[in-house]
2 protein chains.
Amino acid sequence: MVGMPTIYDVARHAGVSPATVSRVLNGHEGVDAALTARVRESAATLGYRPNSLARNLRRSTTNLWAVIISDVNNPFFTAVVRGVEDAGQDLGYSVVLCNSDEQPDKEARYVTALLADQISGFIVSPTSRTANIRALVDAGRAVVAIDRRPRGLALDTVLVDNEHGAREATAHLIDQGYERIACITGPSRLSTASQRLRGFRAALRAAGRTPEPELERHADFRERGGYEAMADLAAARPDAVFVANNLMTVGALEFLSDKGIRVPDEVAVVGFDDVPWATFIRPPLSTVTQPTYELGRTAATLLKSRIDDPGRPPTVATLRTELHVRASSRRR
Amino acid sequence: MVGMPTIYDVARHAGVSPATVSRVLNGHEGVDAALTARVRESAATLGYRPNSLARNLRRSTTNLWAVIISDVNNPFFTAVVRGVEDAGQDLGYSVVLCNSDEQPDKEARYVTALLADQISGFIVSPTSRTANIRALVDAGRAVVAIDRRPRGLALDTVLVDNEHGAREATAHLIDQGYERIACITGPSRLSTASQRLRGFRAALRAAGRTPEPELERHADFRERGGYEAMADLAAARPDAVFVANNLMTVGALEFLSDKGIRVPDEVAVVGFDDVPWATFIRPPLSTVTQPTYELGRTAATLLKSRIDDPGRPPTVATLRTELHVRASSRRR
DNA sequence: CTGTTAGCGCCTTCAA
DNA sequence: TTGAAGGCGCTAACAG
């Protein structure tokens, strides 16, 4: 025997047929106890490991999941991936990570490549082009969307309650007595961005105020966009700002710091998403945190049950956010 | 035809043999131009995609690489992974990400599982237990070590010049006139930790000073460890501290901030590794940055050439660090 | 230059 | 309950 031992080697060693070895190793019922023991022992002494390539070819599937996220630089997504990975490993799956960089074309390329790889399940934070996701679904693959709701496609989806989170953050600012509260949200094509904006407006209305367009901005969910939006907003003289994701919050803070605008004395800030080391930024940053790791685990669970029961109607799981009030939004 | 079209379907459609289809699709030389065109066309019209499971079984390899890193929460490693991934994709490989969490047992479990998966290449930041890596090498897999030198094993390795980086950082502190310079480094079993400590001491000696044990601490390369080491150091009254990784730097800053110790007036700080948003921490943090993305790309290149030429003698690539001086270590 | 053929290692009927 | 045999889709010898 030259390479890794095969099921034939084990069979010979145990004095049984390959079929029996296969049955034992796959836990099929109704194999004689004595044979089972012998097979187990032979497998152990030979150091047999099933060749997953052959198994997968035979079963025409793999134990691989692919996670296609839209920004690896965003700690939000990497935390989610960790949740997926841990849960996936428990269920016997390995996870391949792909970064679409929020570009539909890059996403499309991944989809095409991965389709050929018999990947058994996909977890995707969809870019705006739903066609990519549809291709996966049409090819009969199990797919779970995270973070965003894919437009016009019924899918297992894990979201957080963006509207609630934004509303709570804004209500807190109102509560602290801020008068001119601004909002920097993401691209309007992304459901997260519009939901967070909606929550912002809802809180204002609930307090008897009217949302003012001059205090609202759309940017790109990245640091630079947050910086520019904040610069642009400055003319409107807000005394507080709710920023709809972590990277843009960092950008907005950067602008304020560059201009020597004090937080929270001149402008209070609350950010959506956790910012790593939020407590280190001076002043410590108030945030609406999302249960990122949980989100990943939930997506993994949904994916597994979709694989086991492809006909099941789609589920949408919505997780709660949590407001953490810190110094950046507290009146002295 | 019910499922995906196979190479036989294409062959029939194009009126050639499966072998010819295979040759065309794999770009083998010397196939008649007319046939080539016909095969290409048939494949296109049928929407043929090669089944990589079958191909891999036949070739008994995969187009998968596994990256086993020791801490997914550390932005250093995630940045490296990005470099690996981008380069890998260019070379036709997908990347599976695994997190050993600095635990040899967890690493061992991954190694065992992945060995069965015919993964074609491994990039590993080894934990202290070299046996795990040795298992990969013994099984004939292509392996590249990153960040740390695996003890007692000749391997393709990508490192940064830790000693130089630490020395430069320390020299800068000396230059600024600090007198009692402390060092918080990592676990002594990790080469990165000991090299950075060595660089620190070398700089002191070069300035005619003697390293004092009471100003040196080993911690665990995590935030909490940095916090505790700083707390412990405080009694020795340092006026500057060089912290040998990013997470511990954050921990040390946290302690200083908790105690109201001003940076850099009372204690100056330089950290090794980039800290995301280093510019946001007040005061902006001086850092020794590593070329993380480049490190990943280099590892990918080495891995590829190891796969192509398994007999090649091992290469050790050492990349340079860069000192970025910011306010946290500047005398007023 | 092209086609025929024999597996890669496993699982799963089918028959005994 | 166990064994024999075929085939998943592809590629690499080997013939022609």
Side-chain angles (χ1 to χ4, degrees), chain A residues 1-40 42-43 46-64 92 115-120 139-140, chain B residues 1-40 42-43 46-64 92 115-120 139-140:
Chain A
M1 188 185 67
V2 42
M4 294 281 282
T6 75
I7 205 171
Y8 285 90
D9 300 316
V10 178
R12 200 174 315 120
H13 189 273
V16 297
S17 77
T20 299
V21 176
S22 171
R23 287 192 269 255
V24 169
L25 266 29
N26 289 292
H28 291 196
E29 308 271 305
V31 181
D32 185 86
L35 288 193
T36 302
R38 242 158 65 207
V39 168
R40 287 251 152 73
S42 299
L46 295 180
Y48 170 78
R49 318 244 78 224
N51 178 322
S52 47
L53 246 36
R55 163 181 291 169
N56 292 337
L57 174 61
R58 185 55 235 252
R59 306 215 256 232
S60 70
T61 182
T62 60
N63 54 351
L64 284 178
L115 269 178
D117 284 338
Q118 316 295 115
I119 297 273
S120 67
Chain B
M1 187 186 69
V2 41
M4 294 281 283
T6 75
I7 206 170
Y8 285 91
D9 299 316
V10 178
R12 201 174 315 121
H13 189 272
V16 298
S17 77
T20 299
V21 176
S22 171
R23 287 191 270 254
V24 170
L25 267 28
N26 290 292
H28 292 197
E29 308 270 304
V31 182
D32 184 85
L35 287 194
T36 303
R38 244 160 62 208
V39 167
R40 287 252 152 72
S42 298
L46 294 180
Y48 170 79
R49 321 242 77 226
N51 179 323
S52 46
L53 284 179
R55 163 181 293 166
N56 292 338
L57 174 61
R58 184 58 234 250
R59 305 216 258 230
S60 69
T61 180
T62 60
N63 54 171
L64 285 177
L115 269 178
D117 283 339
Q118 317 294 118
I119 298 273
S120 66

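Lettering of chains follows the sequences in order, A, B, ..., and the numbering in each one begins at 1.
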Problem set entry | Contact letters for nucleotides 3-11 of chain D, in which S counts primed atoms plus P, OP1 and OP2 and B counts the base, heavy atoms under 4.0 Å | BB-BBBBBB

For this session: Test side-chain contact (heavy atoms from CB on, under 4.5 Å) on Asn51(B) and Met4(B) and set out the steps.
Result: CA-CA 9 Å; Asn51(B) 179 323; Met4(B) 294 281 283; over 6 Å; no

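With sequence neighbours excluded, the residues that form a side-chain contact (heavy atoms from CB on, under 4.5 Å) with Ser120(B) are Thr61(B), Thr62(B), Trp65(B), Tyr93(B), Ile307(B). Remark: Leu25(A) engages Val21(A), Val39(A), Tyr48(A) in a side-chain contact (heavy atoms from CB on, under 4.5 Å) (not counting sequence neighbours).
Ser42(A) contributes a side-chain N or O that, together with a main-chain N or O of Arg38(A), makes up a donor-acceptor pair within less than 3.5 Å. Distance alone, capped at 3.5 Å, is enough to place a donor-acceptor pair between the Asp32(A) side chain and the Ala34(A) backbone.
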